[in-house]
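Both counts, for ligands and for their atoms, begin at 1 and track the order of listing. The residues of the chain are indexed from 1 along the displayed sequence. Both backbone and side-chain heavy atoms feed into the values below; hydrogens, waters and symmetry mates do not. Just so you know, these numbers come straight off a predicted model, no measurement behind them.
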Amino acid sequence: MKSNIYLEIKEDVREALENDVPVVALESTIISHGMPYPQNVEMAKKVEDIIRSEGAIPATIAIMNGKIKIGLTDEDLETLAQSPNVNKVSRRDLAKIIAEKSVGATTVASTMMCAEMAGIQFFVTGGIGGVHRGYEHTLDVSADLEELAQSKVNVICAGAKAILDLPRTMEYLETKGVSVVGFQTKVLPAFYTRTTNIPLQAYVETEEALANIIYSKNQLNLKGGILIVNPIPEESSLDSAFINTIIDEAIENSVKDGIEGKDVTPYLLKTIVEKTNGKSLEANLALVYHNAKVGARIAKAYTEINQIESHV
Ligand code: PSU
Ligand code: MN
């Protein structure tokens, strides 16, 4: 297990890390800026329960009282879900929020950084950030993509939302050398929907096959994480014409309202939930739960392979 003076690792997470029990990290921006209250806190708790029921230990990550908390209490989750003063913390914000001891919700990028500091290799979320549509005017590319190229943490998500420019997001990842592996899909899933016409270079049918890829990557000591894309379950997926019309409207509104920088993604998520009367939220919850199950199973499969290989 790794450590630094700012890490505050919860007891059950610490024990798991010391005893080679699989641990799965979770982010907190999805709680504070990705979903409305109270569904956000219900989601945060249920995701942890799913990971535990699969035999892994969940570690939700946030910045509180000048510490990087790895593993949160129910009270912490409530604060993140309800408090209006929670900062959205990406790589650039991390040191500042720790130094001034304010509350920070970690994005995919900063959760990867913190997970790596604690020695956690697996991280489950809903969707990642990417290259935004209209990036040729704004240069809006999420720091999540750079982080995937840097931090050795494997991220399980349901693809990226069509609020992003998906082909360019994939090009960016290719340039940065990030492997995108489809879990039971040969094309990139688009969060609310299971398919796009963007082919993937790698796909696997089983958690074991994925764990094998991660094992090889670790043996090669390659930088960065693997992005595992796991499509939303069929029964929860939305009609693509329906959701894409709403996404287009949400983007138009964001431009009209002059939304920029770190506010863009939260603004779009909120607008989409409102415009779909909560349908998008239901889909979002379903895909996060599915990712938690698959992510915990991958972490478990990896631990098993690692134990076998280190004994031969
Ligand atoms: N996409 C989602 N839900 C989310 C996010 C993205 O479907 O909650 C959050 C994640 O925390 C992600 C962040 O890391 O938004 C990306 O923000 P930005 O585009 O500002 O980098
Ligand atoms: Mn951005």
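Contact annotation for Met35 and ligand 1: no heavy atom of the residue comes within less than 4.0 Å of the ligand. Only the side chain of Lys161 comes within 4.0 Å of ligand 1, counting heavy atoms alone; its backbone N, CA, C and O stay farther away. Only the side chain of Asp144 comes within contact range of ligand 1, with a heavy atom under 4.0 Å; no backbone atom does. Contacts of Leu269 with ligand 1, taken as heavy-atom pairs under 4.0 Å, involve the side chain alone. Contacts between Val108 and ligand 1, counted as non-hydrogen atom pairs separated by less than 4.0 Å, involve both the backbone and the side chain.
The distance from ligand 1 to the heavy atoms of Gly34 drops below 4.0 Å at these ligand atoms: 8 (O). Every atom of ligand 1 with a heavy atom of Phe191 under 4.0 Å away is listed here by number and element: 7 (O). Residue His132 approaches ligand 1 through these ligand atoms, each under 4.0 Å from one of its heavy atoms: 19 (O).
Salt-bridge check for Lys96 with Glu100: passed, with a basic side-chain N closer than 4.0 Å to an acidic carboxylate O. Salt-bridge annotation for Arg133 and Asp248: present, with a side-chain N of the basic residue lying under 4.0 Å from a carboxylate O of the acidic one.
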Point to revise | Audit row: Ser254, Asp257, side-chain hydrogen bond (donor to acceptor under 3.5 Å, both in side chains) steps and yes/no | key: CA-CA 5 Å; Ser254 75; Asp257 290 351; over 6 Å; no

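Polar contact check, Thr265 against ligand 1: a nitrogen or oxygen pair lies under 3.5 Å apart. Considering backbone and side-chain atoms together, Lys88 places an N or O closer than 3.5 Å to an N or O of ligand 1. Between Glu27 and ligand 1, at least one pair of N/O atoms sits closer than 3.5 Å.
In this model, a donor atom of one side chain and an acceptor atom of the other lie less than 3.5 Å apart for Asn218 and Gln121.
Nearest N/O/S atom of Asp140 relative to the Mn ion (ligand 2): this is OD1.
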